[in-house]
Colleague: 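After the structure tokens below, expect a handful of questions from me.
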Amino acid sequence: VKKNTISKLIITSNNQIFNIIIRKTSRSNNISLRFNKKYSHFQLTAPNYASRGDIIKFINDSKPLIDDFLLKKSDGLKKITLEDGILLKIFDEEYILQTVASNKQNPTLAKSLIILCGSATFARSASLKLQAMLLEYASNQLAVIMQAPELASLKISPQIKLRKAQSRFGSCQPQTGRIMLSSYLIFAPKSVIDSVLFHEVAHLVHHNHSKDFWQLLSSLDPNYRLSKMWLKSHQSELFKYSL
Ligand SMILES: [Zn+2]
């Protein structure tokens, strides 16, 4: 195994400077980047044949992910409470959460979402409302998705359940047809929610990540890579609020 290391500096958009240690090896076939907690630097592994240009392109392409990672790291686990007057993105569009009483204030371009409750239960009512909106949207989309000719042979009619999951955005039980979605997807664009649904529905046919699975997924959802990228680079924004 031939190894060599080069040090390189990167500057993220927050003007934080981090070292990237580049390691070339004959053992890997792709470029990967991970953060080394102990030494507080990034470690990039690349195949021997990767050129300097390939590596620089990879680092530039990874910038949104790096920024998101660093933001998450600096923010820690601080969560924003859903309270009256808060501005947030629902389906990636700006909204203000308000009670009926406060509805007349806050002149802004954002749409407002009225939460019916007393102030003591605002966060709880807002969370329930957001989850209901996601469930309604996803259930309707699922019905549309199930019309695809590729899924005609499926015997089960899938059902959606929401979970306040931060480890994964979707999962499914092929035996029961139950599809679990993370409630935090309410803050994502609808196209991204669709992609998570397509992924899980494709698992009802192929219970693994085989070649057949990816083939089915690309025919159902040709843009799935874009959604995956979006989710990766916006994770910490989605998990910012306590639901
Ligand atoms: Zn999968």
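In each ligand, atom 1 is the first atom listed, and ligand 1 is the first ligand listed. Because the structure is a prediction, the values reported are computed rather than measured. Sequence positions, counted from 1, serve as the residue numbers for this chain.
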Colleague: Counting only pairs under 3.5 Å, give me each side-chain donor-acceptor contact of residues 171-185, with atom names and distances, residues two or more places apart or in other chains.
Modeller:
{"unit_1": "Q173", "atom_1": "OE1", "unit_2": "T176", "atom_2": "OG1", "d": "2.9"}
{"unit_1": "T176", "atom_1": "OG1", "unit_2": "Q173", "atom_2": "O", "d": "3.4"}
{"unit_1": "T176", "atom_1": "OG1", "unit_2": "R178", "atom_2": "N", "d": "3.2"}
{"unit_1": "S182", "atom_1": "OG", "unit_2": "A165", "atom_2": "O", "d": "2.7"}
{"unit_1": "S182", "atom_1": "OG", "unit_2": "Y184", "atom_2": "N", "d": "3.3"}
{"unit_1": "S183", "atom_1": "OG", "unit_2": "Q131", "atom_2": "OE1", "d": "3.4"}
{"unit_1": "S183", "atom_1": "OG", "unit_2": "R163", "atom_2": "O", "d": "3.3"}
{"unit_1": "Y184", "atom_1": "OH", "unit_2": "K79", "atom_2": "NZ", "d": "3.2"}
{"unit_1": "Y184", "atom_1": "OH", "unit_2": "Q166", "atom_2": "NE2", "d": "3.4"}

Colleague: With sequence neighbours left out, what residues match D54 under side-chain contact (heavy atoms from CB on, under 4.5 Å)?
Modeller: I31, A50, S51
Colleague: Does NZ or CZ of K89 fall inside the cone over F187's six-membered ring, less than 6.0 Å from its centre and within 45° of the axis?
Modeller: no
Colleague: Mind listing the protein N/O/S atoms less than 2.8 Å away from the Zn ion (ligand 1)? Waters don't count.
Modeller: H199 NE2, H203 NE2, H209 NE2
Colleague: So, are E94 and K111 salt-bridged, with charged N and O less than 4.0 Å apart?
Modeller: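 K111 and E94: not salt-bridged.
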Colleague: To the nearest 0.5 Å, what is the distance between CG (L216) and NZ (K211)?
Modeller: 15.0 Å
Colleague: Going by side chain to side chain donor-acceptor pair (under 3.5 Å), name the residues that satisfy it together with S210, two or more places apart in sequence or in a different chain.
Modeller: N208
